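Just so you know, these numbers use all the heavy atoms, side chains as well, and skip hydrogens, waters and symmetry mates. The structure presented is a predicted model; accordingly, all values stated were derived computationally and were not measured.
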Amino acid sequence: MNLRELYVKRRGQFWGEILPYLGYVIQSGVAVVFLFLLIAFAAWYTALLQQVPPDLPIRWIMLIFLVPLMINSSIRTYLRTADTVFLIPQESRMKEYFRKAWFSGVFYKIIGLGLVLLILWPLYIRSDASPKTLLATFAVLTVFKLLSSYGSWKEQLMVSRNAAAAYRVFRWIVPALSLAAWLWHPTGRALLFMALLGLTYVAALSVPVKHLVAWERLIAVEQRQASRVMMVLSWFVNVPQREQRVHARKWLSGWGKGLAWKKESAYRFLLIKSLTRSDILGILIRVGLLGAFIVWATRDSLVSALVYLISLMIVGLQLSALRKLHPESFWLHVYPLPEGTRRDNEGKLIFQVQLFWAVLLWLPLVPGILSAPGRILGTMAAGIAVVFLFRSAAARKSRREDDDDE
Amino acid sequence: MSEQPVLSVQGLSGGYSINRPVLHDVTFQVEPGEMVGLIGLNGAGKSTTMKHILGLMNPQKGTIQVQGKSRSEHSEAYHSALAFVPESPLLYEEMTVREHLEFTARSYGVSREDYETRSAQLSKMFRMEEKMDSLSTHLSKGMRQKVMIMCAFVARPSLYIIDEPFLGLDPLGIRSLLDFMLELKASGASVLLSSHILSTIENYCDRFIVLHRGSIIAQGTLKEIQDQAGRPGMSLEELFNVLIQDGKGE
């Protein structure tokens, strides 16, 4: 069996499924909104470059934008459940298969990292008192990106999950410290520090006991990654949903218990549980925290309103994925749910959660309400308008889908 | 006047393609308080029959009524009157065992008090008390099957459609299930049960329907089927072999 060819074939099959949807994504209104935001960002960034603030913390900005990209090292394996039966005899040869997966996973991410570096570069050389060279910086990023991907792969293979969790922390620390050393210290000293740190990390990675192939874990990770691709597509077009990762989130297990005990709210109960334990809520929390922080950091300018509205739109897009979680759910066909309650419950819950986020994201602006009441109340009003727009757009879409079904 | 059947299937033909129906003119009834075994080889049409009853497939010909109501005219009342236990557990990964029971109870309009009583009783009966707050992803296959059974039983409708319930259950689980089905039967509920473990269901079912290649080749009590096959005193398993090998219905 040619494992390299098998990998290429599976990758082709997956992207063969995805590509037909890309046309719809480009045609969709949301894609136009993104394009508009991109143009707005380009205009804002050009203006910023023309008048760079004198005390811009550029090294921190470089660190904040580049470190997550250096560390993010998901590798698509396209493994399937049946592989635990049919590919296990090839276990000793699976390196051939994974080599291809690893190369594909790292190569495109390095290109992405390079692009972000290129975007940040004009700001960096204008702001930093003693900037490093572009090529050397790119080389540093590439080396630590490769190291981080190698570390991430080894973590997957570790038998002890506690050890893997500890190494995950190292994987964040090593690239972050290395890039910090590169940005803050003279080249020679920084290189020496990075070399020592990198070699220690590689040596440490060889210590924990590892599986030759961690089949079940790799399959679970692959399913999660495939479902994320589908989730992103589902923002634009109806796509078949795959299993999402489930997070226990015990601290939220009480949500839904207080619902009125009646048939009409049964589907809302299911939706609340799905939202509570889905990736969607994790993204909402991250968008909420990051958005609120940036809104607070830019609270004295109109940028805060822009960030507020963009964050709220991202929240709305994420929440729209909730509608795609149970369209073909078996039990919803069998259980005697009252007609029409599915659409009602979806619409109401998404509206309420987005409204809640609209208030949360607005809170960092409240302390300044006396100094600029018009701008801050106007921001809130615009946010509420966005939430209502999302609701009416979703209702229109639902009606259209219902008409198509009939 | 005779009592209305809980389930009435009349002249049902259907399948995945109009040109190649899987079921051919299937007719049977399930009376109140009756447990009926639906038996047949793999591919005989048992699951297809159940899918038609559940409304997952539309009949090409014939009618299906539950408590005298058809699905097309009284969808909510039709579905309220039946509960299903599938052959392979179908659970929401994001819900705990307790939440599955609660979702089912809410969907069927079971009162909160009844839900709490039933859920406590079922969790004890199936030895799932310690797993009630576990996510379904953390359950073994047998436990997942128990959750399916518990969900059906928490609803307490008048008809249970149960497809291969013993798969994956441990011996104590099978015993609890059979005992509980008898209890439900005694309370007036009806069960349509499909299983390949003929020696077990022989002692529990009141009547049997033998499906072969999408047609009913025999139905009735064990005695009636023995008479139809001309083999008095034979066990259900032996009778089934005789009926299939005789190629009746071909």
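Between K273(A) and E99(B) a salt bridge is recorded (basic side-chain N to carboxylate O distance below 4.0 Å).
With a threshold of 4.5 angstrom between heavy atoms, S111(B) approaches chain A through N, CA, C or O but not through any side-chain atom. L56(B) touches chain A through its side chain: at least one heavy atom from C-beta onward sits under 4.5 Å away, while N, CA, C and O do not. Within the 4.5 angstrom heavy-atom criterion, no atom of A220(A) approaches chain B.
The structure places CG of L271(A) at 9.5 Å from CD of E94(B), a figure rounded to the nearest 0.5 Å. With values rounded to the nearest 0.5 angstrom, E76(B) atom CD is found 8.0 Å from L337(A) atom CG. Between the OH atom of Y335(A) and the OG1 atom of T104(B) there is a distance of 3.0 Å, given to the nearest 0.5 Å. One finds the CZ atom of F84(B) at 6.0 Å from the CH2 atom of W331(A) (value rounded to the nearest 0.5 Å). To the nearest 0.5 Å, the span separating NZ on K262(A) from CZ on R106(B) amounts to 10.5 Å. A distance of 8.5 Å separates NE2 of H100(B) from CG of L270(A), quoted to the nearest 0.5 Å.
The candidate from S253(A), S265(A), A248(A), S274(A) with the greatest count of non-hydrogen atom pairs under 4.5 Å with chain B is S274(A). Interface summary for chain B: among K257(A), K250(A), H333(A), the most heavy-atom pairs under 4.5 angstrom belong to H333(A). Of the listed residues (L135(B), L82(B), L54(B)), the greatest number of heavy-atom pairs within a distance under 4.5 Å of chain A belongs to L135(B). Considering only heavy-atom pairs separated by less than 4.5 Å from chain B, the leading option among E339(A), R277(A), E264(A) is R277(A).
At most 12 heavy atoms of other shown residues, nucleotides or ligands fall within 6.0 angstrom of atom CD in E216(A). By the neighbour-count criterion of 12 heavy atoms within 6.0 Å, atom NZ of K69(B) is sparsely surrounded, having that number or fewer from other residues, nucleotides or ligands. More than 12 heavy atoms of other shown residues, nucleotides or ligands fall within 6.0 angstrom of atom CZ in R207(B). R20(B) CZ: 12 or fewer foreign heavy atoms inside a 6.0 Å radius. Crowding of F356(A) atom CZ: a count of heavy atoms from other residues, nucleotides or ligands under 6.0 Å not exceeding 12.
S329(A) and Y92(B) share a donor-acceptor pair across their side chains, judged by distance under 3.5 Å alone.
Nearest heavy atoms, H79(B) versus V334(A): ND1-O, 3.0 Å.
Side-chain contact check for S278(A) versus E93(B): every heavy-atom pair is 4.5 Å or farther apart.
The stretch residues 110-147 of chain B participates, sequence neighbours left out, in these ring-ring contact (aromatic ring centres under 6.0 Å, His included) pairs: W261(A)-Y115(B).
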